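In what follows, every heavy atom counts, from backbone to side chain, and hydrogens, waters and symmetry copies are set aside. Just so you know, residue 1 is the first one in the sequence shown, and it goes up from there. For clarity, every value in this text was computed on a predicted model and none was experimentally measured. Atoms within each ligand, like the ligands themselves, are counted from 1 in listed order.
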Amino acid sequence: MKLYLDYQATTPVDPRVLEKMLPYFTQVFGNPSSQDHSWGWAASRAVEKARTQVGHLLNAHPSEIFFTSGATESNNWAIIGLIRRWLREAPELSDSELSASRLSEHQYSPPALNRPLIHVLTSEIEHKSVLAPLTYLQEELGSRLSVTFLKPNRWGQVTLDQIREAKTSATRLLSLHWAHNELGTIQAISEIAEWTHQNKIYFHSDATQAVGKIPMDLSQVPVDLISFASHKLYGPKGVGGLFIRQKNPRVSLDPLTFGGGQERTLRAGTLNVPGIVGLGEACEISTAEMRQHSELGQRSSPIYKLRSRLLEGLKRVSPPFHLNSHPEHHLPHALSLTFPGHPMAEILAETSHLGMSAGSACGSGEMSGSPVLRAIGLSEPDAKSTIRLSLGRWTTEAEVDFVIESFAKAFSGR
Ligand code: PMP
């Protein structure tokens, strides 16, 4: 038996999602920007329905949802779009006027002449699609932009105290993931968002691993922008979105693409209608599923129970291991485990029928421990002895038991 266990990398398309998408390839194929005929209107209606479905999952207004090609684009857009907007505004204002316009009276302090115009806070363990645009902008802008990369704790969490301490009078943006793609740890987003909101610092969260997996209520949590991708919640690849808050505050950012004026002139390019319909349906299914599970209590949800069964089973059959996912604040389906003294390359070779991901990255042919695992304090050998497993919507108890047996065999005699 072959078994896929890498649902944090991507998920299959739910057949219910595919069914809803199919007519939009061949029958309802109009361009939603064509407003002169019914083909265009039908496509446009489908896009607006999907926008409502996404908004419903996040408890956001549909006008706050902008469709993109996925989380990479959304992360790039949020970061580059905000910073470019602020810089465009900057020449008209002096340095001190700029900070005065953004900070409350109490926080205003006259800027030193060599102080960077914009300071951004992020973590060392963000996805590359957050880190790379920041590095690119740093190279481009030199001393006008400074970025602080906060060090996470053992589980990958960044605390509010750390953020508070790192803040300067130039801090305009915090970019911190909602849940981590390698570790499965969830950040204290509500608490952090309350603080950024009070301090008039924009908060962008890469929520790619959280959307559709854990309940999120953006009417209650004052994040300003969140990124997500459809293929992490049983929708198609190549489509995603950026939530941009429209009220309290109304967030303004520059587009990355210019052209046909789609997405209210903020993201030019013909919309991927079948993909967007798929994302909408995937959100609708996740909303219903989560509502059902919240009645049970998240911890009694079937996937949560399967994860516990797997963890307990592995404890029985494997050598001692550490859990890198936060013991309490973790995604319901994800596990990151370190087996000290057991390089994963060997275990993976013996369990090639299981689609698991090693905590190592291959650069120029040399396997090296993941930078994320190094950042949470793992030694190089421990980082190489780490594995990421995640369960899916259709994973069964029998399959979990099969994983446990496979580990028992792989570790026997070691
Ligand atoms: N952010 C996170 C946390 C992710 O897990 C991923 C996908 N691995 C991305 C961003 C990028 O998503 P996409 O490849 O769909 O653009």
| said: Given a heavy-atom cut-off of 4.0 Å, could you list the residues near ligand 1 in chain and number order? | reply: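 Residue list for ligand 1: Gly70, Ala71, Thr72, Asn75, His127, Ser129, Asn181, Asp206, Thr208, Gln209, Ala229, His231, Lys232.
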
Can you give each donor-acceptor pair under 3.5 Å made by side-chain atoms of residues 38-48, sequence neighbours left out, with the distance rounded to 0.1 Å?
| from | atom 1 | to | atom 2 | distance (Å) |
| --- | --- | --- | --- | --- |
| Trp41 | NE1 | Gln35 | O | 3.0 |
| Glu48 | OE1 | Arg51 | NE | 2.8 |
| Glu48 | OE2 | Arg51 | NH2 | 3.1 |

| said: Restricting to non-hydrogen atoms, name the atom on Leu331 and the atom on Ala179 that form the minimum distance, rounded to 0.1 Å. | reply: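 It is CD2-CB, 3.7 Å.
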
| task | Work out which heavy atom in Ile201 is nearest to a heavy atom in Leu174; give both atom names and the distance. | result |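 Closest heavy-atom pair between Ile201 and Leu174: CG2-N, 3.8 Å.
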
Taking only distance into account, with no hydrogens and no angle test, what donor-acceptor pairs under 3.5 Å do side-chain atoms of residues 220-240 form with protein atoms, sequence neighbours excluded?
| from | atom 1 | to | atom 2 | distance (Å) |
| --- | --- | --- | --- | --- |
| Asp224 | OD2 | Phe203 | N | 2.8 |
| Ser227 | OG | Asn75 | OD1 | 2.7 |
| Ser227 | OG | His204 | NE2 | 2.8 |
| Ser230 | OG | Pro236 | O | 2.7 |
| His231 | ND1 | Thr10 | OG1 | 2.7 |
| Lys232 | NZ | Gln8 | O | 2.9 |
| Lys232 | NZ | Ala9 | O | 2.8 |
| Tyr234 | OH | Arg393 | N | 2.7 |
| Lys237 | NZ | Thr10 | OG1 | 3.2 |

| said: Tell me whether Arg267 forms a cation-pi arrangement with Trp77, defined as NZ or CZ under 6.0 Å from the six-membered ring centre and within 45 degrees of its axis. | reply: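 That pair does not qualify as a cation-pi contact.
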
Ignoring hydrogens and angles, write down the donor-acceptor pairs under 3.5 Å from the side chains of residues 158-166, residues two or more places apart or on other chains.
| from | atom 1 | to | atom 2 | distance (Å) |
| --- | --- | --- | --- | --- |
| Thr159 | OG1 | Gln162 | N | 3.2 |
| Thr159 | OG1 | Gln162 | OE1 | 3.4 |
| Asp161 | OD1 | Arg164 | NH1 | 2.8 |
| Gln162 | OE1 | Thr159 | N | 2.9 |
| Gln162 | NE2 | Lys151 | O | 2.6 |

